[in-house]
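Notes for the one structure printed next.
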Amino acid sequence: MRILVMYDSFYGNTERIAKAISEGIREGGHEVDCRHQSVSGEQDFLGVHLWILGSPTRWGRPTFRFKTLVRNAVKDAGKDHDFVVFDTRFEEVHSGAADRLHRMLSKEGLRPLLPPQNFFVEGSELRSEQEEKALQLGRTIAALL
Ligand SMILES: Cc1cc2nc3c(=O)[nH]c(=O)nc-3n(C[C@H](O)[C@H](O)[C@H](O)COP(=O)(O)O)c2cc1C
């Protein structure tokens, strides 16, 4: 089964989470491609069964360029995919990038494997235990496959 972890990141937090999730999936015995959206395109989604998508939360939303990439991927690669979405954000907000992406993809008819996953920052830095949490998420995803 092909698995893609696609993420956006300006300052590296979401990238660190994406890499830790990928590592957890590999530990679980699966291959995974992990890519920053800036070096990717819709073609990377073609033929991929599981999409794992992550964005920083900016003004309560995913980044515009990431949402556009995901929308175009659905147009090009179709709806027959499982997905997991994650974001990085301040804990105190109640809704963020992952919730928005989750709603958008569910409405389109793609299948959520898990609820939206959130990873928290303090100031501009990831909280210390968040990468371990991401590694664990990767292992959990691998066990579900
Ligand atoms: C311009 C800007 C807007 C942000 N808006 C929000 C927000 O609305 N809600 C939130 O929880 N975090 C917000 N944050 C915090 C970021 O989501 C957080 O720092 C994130 O981990 C950055 O990801 P990156 O390091 O991958 O770029 C904002 C950060 C920036 C720089």
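Along the sequence shown, residues are numbered consecutively beginning with 1. Atoms within a ligand are numbered from 1 in the order they appear, just like the ligands themselves.
Sorted by chain and number, the residues within 4.0 Å of ligand 1 by heavy atom are S9, F10, Y11, G12, N13, T14, P56, T57, R58, W59, G60, T88, R89, F90, V93, V121.
Residues passing the side-chain contact (heavy atoms from CB on, under 4.5 Å) test with R100 are R61, P62, R103, sequence neighbours excluded.
The heavy-atom pair separating V5 from A18 by the smallest distance is CG1-CB, 3.8 Å. Residues R35 and S40 share a closest heavy-atom pair of CB-OG, 3.4 Å.
Taking the six-membered ring for Trp, F83 and H102 have ring centres closer than 6.0 Å.
Geometric assessment of R65 against the ring of F10 yields a positive cation-pi assignment under the 6.0 Å and 45° thresholds.
A donor-acceptor contact closer than 3.5 angstrom links the side chains of Y7 and E15.
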